[in-house]
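Heavy atoms only: backbone and side chains are in, while hydrogens, waters and symmetry mates are out.
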Amino acid sequence: MSHPILKIISNEGCQSYLIGCPETRATILIDPKVGQESQYRAMLTRYGLELVAVLDTHTHADHLSAATTFTGVPLLMSRATGVKRKMRALE
């Protein structure tokens, strides 16, 4: 089995992550930051990855999440966040 694809995107003290399966190309985007969407999309294209979910690990007081700009893929968040937007709640 190949190692997972991992790309770390740092911007102004915030980090986002693309983690992909080398066989299926299915990829999750973790903690996307508003203003970086074109960079995320370019990386998905460059590495031939398919975005299957976006995960916000917590509500971000330091930046706005770009999760809602990726339509057609589920948003995953902890149920404990209390967020009211459409998402798949994780325990």
| task | Kindly say whether Ala66 contributes a backbone atom to a donor-acceptor pair with the side chain of Thr68 at under 3.5 angstrom? | result |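 Checked: no pair found.
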| Side chain of Glu37, backbone of Gly35: donor and acceptor closer than 3.5 Å? |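 Pair found, side chain donor or acceptor close to backbone of Gly35.
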Do you know the tightest heavy-atom contact between [X] and [Y]?
{"X": "Pro32", "Y": "Phe70", "answer": "CB-CE1, 4.4 Å"}
{"X": "Leu76", "Y": "Ala53", "answer": "CD1-CB, 4.0 Å"}
{"X": "Pro22", "Y": "Pro4", "answer": "CD-CA, 3.9 Å"}
{"X": "Asp56", "Y": "Ser65", "answer": "OD2-OG, 2.6 Å"}
{"X": "Lys33", "Y": "Cys14", "answer": "CD-CB, 4.2 Å"}

| Lys7 and Tyr40: side-chain contact (heavy atoms from CB on, under 4.5 Å), yes or no, with the steps? | CA-CA 10 Å; Lys7 299 296 175 190; Tyr40 304 135; over 6 Å; no
| field | side-chain contact (heavy atoms from CB on, under 4.5 Å) evaluation trace for Tyr17 with Ile9 | value | CA-CA 6 Å; Tyr17 308 87; Ile9 304 96; over 6 Å; no
| task | Go through the side-chain N and O atoms of Asp31 and Thr57 and say whether any donor and acceptor fall under 3.5 Å apart. | result |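 Asp31 vs Thr57: donor-acceptor pair found between side chains.
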Enumerate donor-acceptor pairs with a distance under 3.5 Å from any side-chain N or O in residues 41-52 to protein atoms, sequence neighbours excluded.
unit_1, atom_1, unit_2, atom_2, d
Arg41, NH2, Thr69, O, 3.0
Thr45, OG1, Arg41, O, 3.1

| query | In chain order, what residues pass the side-chain hydrogen bond (donor to acceptor under 3.5 Å, both in side chains) check against Thr71, with sequence neighbours excluded? | reply |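 Listed in chain order: nothing, the list is empty.
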| Are any non-hydrogen side-chain atoms of Ser16 and Gln36 less than 4.5 angstrom apart? |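 Ser16 vs Gln36: side chains apart.
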| Is Ile30 close to Ile19 at the side-chain level, that is, under 4.5 Å between some pair of heavy atoms? |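 Of all side-chain heavy-atom pairs linking Ile30 with Ile19, at least one is under 4.5 Å.
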| request: Please report the C-alpha distance between Leu55 and Leu75 in whole Å, then the side-chain angles of each, then the deciding distance to 0.1 Å, and finally whether the side-chain contact (heavy atoms from CB on, under 4.5 Å) criterion is met. | output: CA-CA 6 Å; Leu55 169 68; Leu75 168 61; over 6 Å; no
| request: State which residues pass side-chain contact (heavy atoms from CB on, under 4.5 Å) with Ser10; sequence neighbours excluded, sorted by chain then number. | output: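 With neighbours one apart ignored, the set is Ile8, Gln15.
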